[in-house]
Number of protein chains: 2
Amino acid sequence: MLPPESSFATIDDVLAGMRQRGGRATPARRLLLGVLFRDRQHRSAEDLAGEVQALAPDVNISTIYRNLEEFVRLGVVDRVYFGGGPATYHLSSGRHGHLVCDSCGGVTEVPDEVFVELADALAVRYGFIADRHQFAVAGLCADCR
Amino acid sequence: MLPPESSFATIDDVLAGMRQRGGRATPARRLLLGVLFRDRQHRSAEDLAGEVQALAPDVNISTIYRNLEEFVRLGVVDRVYFGGGPATYHLSSGRHGHLVCDSCGGVTEVPDEVFVELADALAVRYGFIADRHQFAVAGLCADCR
DNA sequence: CTCTATGCAAATCTTTTGCACGAAC
DNA sequence: GTTCGTGCAAAAGATTTGCATAGAG
């Protein structure tokens, strides 16, 4: 019943997946994937662009956006919106939720199990299928309250 | 233990609250409150501006933003961010969560009870105090799946 | 050689801000 | 009369798009 975990374990896996769809393995994609695989934190498109540009200064941010979009479609990357700020992206790893602190902006990842009960209740009572990759709860973290 | 429900039942209640803080009861505020009280749906600042401007065409959208900000601070209005779109605002009514459909964009309000269990679990296990006015879960609604 | 991806610039959309004037108290 | 609120215009931040060209297959 659970949807499968991402089947892309390496950068070349992803690029192979893109080629199957008629896409191409470009240096910009390789670099962006390198940055995404190197560190699984939640980063904005601008952050990611900065890290890619440290390696290849003329990769444009519009290329970053276009490729992130593509990776999200492929299921390689999750996009999560926190509050009003920019979207954040991270490698689609184990299903998890996000606790976003309104005060310090910090993000805590919490395992999926915590949300199972809620997700089931929503399914049963409202016929609503929660997207478990996008769970984000706003509030105050332990440090800030 | 539960924080109190909003103590502003009418437009004049709110304006009185503003005066206590050294603020003023202006026509623009009265109109915006009128629009907010008339219909408790979730609307963007632009939507609200449109409805106010139908009554007073030269109320500027920056005034709408400034007043919404003020109302949020006062606890009169809740601001909720859905996905990447514009923030939505609605009168701070009974505590509730939001189910946002990724497909049709519809918003379903669900009573707070559904989230109590999760909020308690987050508090106990992570020391995280969830903001119950901002609960928003993304997924697919009953109609769209 | 073909067609996709990229760089660059400009456009779009949402929200915020500076400033001078008008209005509430 | 003060001080706060407003309109207007401009700025700011995030993201998207058009177009000509470079480059992957």
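Chain identifiers are assigned alphabetically (A, B, ...) following the order of the sequence lines, protein sequences preceding nucleic acid strands; residue numbering begins at 1 within each chain. These numbers come from the heavy atoms of this one structure, side chains and all, not from hydrogens, waters or symmetry mates.
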- Query: Any donor-acceptor pair under 3.5 Å joining the side chain of R24(B) to the base of dG22(C)?
  - Reply: no

- How would you give the extent of chain B contacts on DNA chain D, as first and last nucleotide 5' to 3' within a 4.0 Å heavy-atom cut-off? dT3(D) to dC8(D)

- Query: Among V59(B), D47(B), L31(B), which one satisfies side chain to side chain contact (heavy atoms under 4.5 Å, CB included) with I64(B)?
  - Reply: V59(B)

- Task: Indicate the ring-plane relationship of H96(A) and H42(A), choosing parallel, tilted or perpendicular according to the 30° and 60° boundaries.
- Result: perpendicular

- Is R66(B) salt-bridged to E69(B), going by a charged N under 4.0 Å from an acidic O? no

- Any donor-acceptor N or O pair under 3.5 Å, side chains D12(B), T10(B): no

- May I ask you to say what P27(B) touches in the nucleic acid, namely base, sugar-phosphate or nothing, with a heavy-atom cut-off under 4.0 Å? sugar-phosphate

- Take atom CG of L31(A) and atom P of dA5(C), then tell me their distance rounded to the nearest Å. 16 Å

- L15(B) side chain reached by R30(B) side chain, heavy atoms, under 4.5 Å: yes

- Query: Rounded to the Å, how far apart are Y81(A) OH and dT14(C) C1'?
  - Reply: 14 Å

- Counting only side-chain N and O atoms of N60(A), is one of them less than 4.0 Å from OP1 or OP2 of dA9(C)? no

- For R30(B) and dA23(C), give me the distance from atom CZ to atom C1', rounded to whole Å. 14 Å

- Item | Protein-nucleotide distance (R66(B), atom CZ; dT14(C), atom C1'), rounded to Å | 15 Å

- Please give, in whole Å, the distance from dA23(C) P to R19(B) CZ? 18 Å

- Task: For Q20(A) and dT4(C), give me the distance from atom CD to atom P, rounded to whole Å.
- Result: 17 Å

- Item | Atom-to-atom span, CD1 of I64(B) to C1' of dT15(C) - whole angstrom | 13 Å

- Can you check the E69(A) CD to dT6(C) C1' distance for me, whole Å? 16 Å

- Message: Under a 4.0 Å threshold between the charged nitrogen and the carboxylate oxygen, would R29(A) count as salt-bridged to E70(A)?
- Response: no

- Look at the side-chain heavy atoms of Ile, Leu, Val, Met, Phe, Trp and Tyr, link any pair under 4.5 Å apart, and say whether V137(B) and V114(A) land in one connected group. yes

- Query: At under 4.0 Å between heavy atoms, what does R29(B) touch on the DNA or RNA strands: base, sugar-phosphate, or nothing?
  - Reply: sugar-phosphate

- Closest nucleotide of DNA chain D for G23(B) versus for S62(A): which of these residues is on the 5' side? G23(B)

- Choose from dT15(C), dT6(C), dA24(C) the nucleotide whose nearest atom is closest to any side-chain atom of T26(B). dA24(C)

